[in-house]
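Here's the structure we're looking at; comments come further down.
Worth knowing before you read on, the calculation uses all heavy atoms, side chains too, and leaves out hydrogens, waters and symmetry mates. This one's a predicted model, so the numbers in the text were calculated from it and none came from an experiment.
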Amino acid sequence: MDVRRRNSKPISSSIDAGEPLKLHNHRHFNNNKKSSDALALPLYLTNGLFFTMFFSVAYYLLHRWRDKIRNSTPLHVVTLPEIAAIVALFASVVYLLGFFGIDIVLSLISGPPHYAWGVEEEDEEKQLEKHIKQHPFSDATDDCSVIAPTTNIVPVPMSEDDEEIVKSVVSGATPSYSLESKLGDCKRAAKIRREAVQRTLGRSLEGLPLEGFDYESILGQCCEMPVGYVQIPVGIAGPLLLDGKEYTVPMATTEGCLVASTNRGCKAIYASGGATSVLLRDAMTRAPVVRFSTAKRAVQLKFFVEDPLKFDTLSLVFNRSSRFARLQGIQCAIAGKNLYMRFSCSTGDAMGMNMVSKGVQNVLDFLHQDFPDMDIIGISGNYCSDKKPAAVNWIEGRGKSVVCEAVIREEVVKKVLKTNVAAMVELNMLKNLAGSAMAGALGGFNAHASNIVSAIYIATGQDPAQNVESSHCITMMEPVNDGKDLHISVTMPSIEVGTVGGGTQLASQSACLNLLGVKGANKDSPGSNSRLLATIVAGSVLAGELSLMSALAAGQLVKSHMKYNRSSKDVTKITA
């Protein structure tokens, strides 16, 4: 039996795992009680009350005794208020001594407490185990100290070696981050780290899965110090008919109606002959910031790197970083004596942040030869701009810039989307265009592009934080064919995706990429897989915009969410 001390997991009987066990342990737990434990007030209020009482009555008694001495009144002659003050003084002294004094005296007499981590007491464990066997249903309420945990922590069977390592991590002797390198077993390291966290915090991680994951695959690449993994359901929407091909789109989300809504949009697009897409630009960016002693010198470097005659040389230096990195251009901005250089390059099938950063470092080292007074402040100066809403991405683009369009026939709008073309066009103008302008939106001229982008990103192993700029989108709608049909388009200037590197190599995410036919790198045409994934993201956003806007126009949004996006569980019965 794995017996824990104070601040550790509670021990439960095998018959009723939900009932915390109450321990017969007077020496270690009852000695720790204070006089404040019996009070109903919060501890800080109780302490404040007795401190105030002590100083008030002490002042009152000293003042009264001084008057008696001046008036030659015997000190043993006391009035009723003085008796009450003496009683209050005695009570406050008892409380304060009990609260602050007893623990100090006991610690000096007995030494360190025996319930410290790593100290095992075999006799007590045997007695406790014997008590559990003899009284499995007893709640042991008489003459016992009760551990009241915030959550029930389920003991994890461990070998003696692992148990020693857990204690070492808890005590701080072994750094948690070093477990993988010390043990050489990533799963074992995650198990030990998880147990150490539970013991340290006294809170359970039950419900967070540990088994069934390849922890070797994330070492040094995806996540540090793992203790488990989070399960997110993956649904599929489609088929999405895009550029003459059908795609079944995986979406990882916990939002009800999202997959169903996108699926309805795919159905409307399919019934109308499909959507078409065009890739406008493919360039990842990185913008270092450098500083000079004068603004004049910063401008001289700006003219140097923007000189077309220098581009071939800088490109050659940049491209040394990778066989896929190809410099496309450098855009500079001046802020006083500070210079921001925004490098743009193609990165093959990788999303390319590391690739472009290496190339930028090569160029900076090269420029330092001609500009030795250049002070490199940072490899990223936020003029890139990564994981932040920025006008430069909205205007210039970052990653893949895609426009996707479709013409939805009148009968499809009525039968599938349950609305009409005029209502859709009016709503788009007042909501996505005028409404977003009123809100001062930056790249947010759409209904919910980020919903679809995030769901596909999580499913396919992209960086979820890049949803910020990747969701920049403007949705346009207008009537065509004499007002009968609906033309809808989405323009997304900064979709940042890759099919190699990062989380794309994990088993689940790799399977979702394989479902789309874009898994890994394309050997015949480097970069084509990531570009195709970007167009699929745009096509899925088109479907999502179409469905949500039609639901809003038809007044179906609240009804559908009340039906499909609300849990039927009684949350008052869900325990922590």
(Q) With salt bridge (charged side-chain N to carboxylate O under 4.0 Å, His left out) as the test, pick out the partner of Lys187 among Glu216, Glu211, Glu180. (A) Glu211

Q: Please examine the side chains of Ile232 and Thr253, heavy atoms only from C-beta on, and report whether any two atoms are closer than 4.5 Å.
A: no

Q: Run the salt-bridge test on Asp185 and Arg188 with the 4.0 Å N-O cut-off and return the result as yes or no.
A: no

Q. Counting only heavy atoms not in Asn319, do more than 12 sit closer than 6.0 Å to its CG atom?
A. yes

Q. Can you tell me how far the CG atom of Leu417 sits from the NZ atom of Lys414, to the nearest 0.5 Å?
A. 12.5 Å

Q: Would you indicate whether the side-chain heavy atoms of Thr460 and Thr504 approach each other to under 4.5 Å?
A: no

Q) So does Lys267 have more than 12 non-hydrogen atoms from other groups sitting under 6.0 Å from NZ? A) no

Q) For the side chain of Ser550 and the backbone of Ser547, is there at least one donor-acceptor N/O pair under 3.5 Å apart? A) yes

Q: Keeping the roles fixed (side chain from Asn529, backbone from Gly520), state whether a donor-acceptor pair exists under 3.5 Å.
A: yes

Q) Using 4.0 Å as the upper bound for N to carboxylate O, is an ion pair formed by Glu469 and Lys388? A) no

Q. Which heavy atom in Gly336 sits nearest to a heavy atom in Ala295, and how many Å separate them?
A. O-CB, 3.4 Å

**Q.** Distance (rounded to the nearest 0.5 Å) between Met549 CE and Met477 CE
**A.** 4.5 Å

Q: Please report the closest heavy-atom contact between Pro250 and Thr248, naming both atoms and the distance.
A: CD-O, 3.4 Å

Q) Going from CD on Gln361 to CZ on Arg286, what distance comes out if it is rounded to the nearest 0.5 angstrom? A) 11.5 Å

Q.
Take a 6.0 Å sphere around CD of Glu411 and say whether it holds more than 12 heavy atoms from other residues, nucleotides or ligands.
A. yes

Q: Using a 4.5 Å cut-off on heavy atoms from C-beta on, say whether the side chain of Gln331 contacts that of Thr285.
A: no

Q.
Restricting to non-hydrogen atoms, name the atom on Cys222 and the atom on Gly502 that form the minimum distance, rounded to 0.1 Å.
A. SG-O, 3.5 Å

**Q.** Main-chain N/O of Thr475 paired to Asn446 side chain as donor or acceptor, under 3.5 Å
**A.** no

**Q.** Distance (rounded to the nearest 0.5 Å) between Leu309 CG and Phe311 CZ
**A.** 12.5 Å

Q) How long is the gap from CG on Leu280 to CE on Met492, to the nearest 0.5 Å? A) 12.0 Å

**Q.** Side chain proximity check, Val497 to Tyr457, heavy atoms < 4.5 angstrom
**A.** yes

Q.
Quick check: closest heavy atoms across Val453 and Ser470, and the distance to 0.1 Å?
A. CG1-CB, 4.0 Å

Q: Please say whether more than 12 non-hydrogen atoms of neighbouring residues, nucleotides or ligands are located less than 6.0 Å from NZ in Lys310.
A: yes

Q) For Lys484, does its backbone N or O pair with a side-chain atom of Asp482 as donor and acceptor, under 3.5 Å? A) no

Q | Close side-chain approach of Leu242 to Tyr247, heavy-atom, < 4.5 Å | A | yes

Q.
Is any side-chain heavy atom of Ile330 closer than 4.5 Å to one of Arg342?
A. no

Q. Between Phe304 and Phe371, does the ring centroid distance fall short of 6.0 Å?
A. yes

Q | Short side-chain to backbone donor-acceptor contact, Glu545 and Ala447, under 3.5 Å | A | yes

(Q) Any non-hydrogen side-chain atom of Val234 less than 4.5 Å from a side-chain atom of Met251? (A) no

Q: Considering non-hydrogen atoms only, spot the tightest contact between Ala275 and Ile269 and give its length.
A: N-CG2, 3.6 Å

Q: With Gln462 as reference, evaluate Leu533, Ile495, Asn467 under the side-chain contact (heavy atoms from CB on, under 4.5 Å) test and give the passing residue.
A: Leu533

Q) Only one of Met424, Arg409, Glu410 clears side-chain contact (heavy atoms from CB on, under 4.5 Å) with Leu486; which? A) Met424

Q | Arg193 side chain to Pro226 backbone, donor-acceptor under 3.5 Å | A | yes

**Q.** Close side-chain approach of Gln505 and Ser217, heavy atoms under 4.5 Å
**A.** yes

Q: Of all the heavy-atom pairs spanning Pro526 and Phe324, show the shortest one and how long it is.
A: CB-CE2, 3.8 Å

Q. Will you find, in the side chains of Ser385 and Asn393, an N or O donor that is under 3.5 Å from an N or O acceptor?
A. no

**Q.** Verdict with supporting geometry, Val468 and Gln466, side-chain contact (heavy atoms from CB on, under 4.5 Å)
**A.** CA-CA 5 Å; Val468 175; Gln466 290 185 322; over 6 Å; no

Q.
Would Ser528 and Asn522 count as a side-chain hydrogen bond (donor to acceptor under 3.5 Å, both in side chains) here? Give the steps.
A. CA-CA 6 Å; Ser528 60; Asn522 192 309; 2.9 Å; yes

Q: For Ile474 and Trp394, run side-chain contact (heavy atoms from CB on, under 4.5 Å): C-alpha distance rounded to whole Å, both residues' side-chain angles, the deciding distance at 0.1 Å, then the answer.
A: CA-CA 10 Å; Ile474 182 168; Trp394 176 240; 3.8 Å; yes

Q) Quick check: does any side chain N or O of Arg281 sit under 3.5 Å from a backbone N or O of Glu396, one acting as donor and the other as acceptor? A) yes

Q) Is the CG atom of Leu515 crowded by more than 12 outside heavy atoms at less than 6.0 Å? A) yes

**Q.** Spacing of Phe292 atom CZ and Asp375 atom CG [to the nearest 0.5 Å]
**A.** 9.0 Å

Q: Give a yes or no on whether a salt bridge exists between Lys302 and Glu306, defined as a side-chain N under 4.0 angstrom from a carboxylate O.
A: yes

(Q) Working note: Phe318 + Cys345, criterion side-chain contact (heavy atoms from CB on, under 4.5 Å); need CA distance, chi angles, decisive distance, verdict. (A) CA-CA 9 Å; Phe318 183 97; Cys345 80; 3.6 Å; yes

Q. Between His448 and Gly544, is there a donor-acceptor pair closer than 3.5 Å when you use the side chain of the first and the backbone of the second?
A. yes

Q) Could you go step by step and tell me if Asp243 and Ser277 meet the side-chain hydrogen bond (donor to acceptor under 3.5 Å, both in side chains) rule? A) CA-CA 7 Å; Asp243 298 324; Ser277 65; 2.6 Å; yes

Q. Okay, side chain of Tyr215, backbone of Ala189: is any donor-acceptor separation there less than 3.5 Å?
A. no

Q. For Leu542 and Ile488, what are the C-alpha separation, side-chain angles and deciding distance, and is it a side-chain contact (heavy atoms from CB on, under 4.5 Å)?
A. CA-CA 8 Å; Leu542 182 74; Ile488 178 173; 3.7 Å; yes

**Q.** Main-chain N/O of Leu258 paired to Ser261 side chain as donor or acceptor, under 3.5 Å
**A.** no

Q. Below 4.0 angstrom, N of the basic side chain to O of the carboxylate: do Lys387 and Asp463 qualify?
A. yes

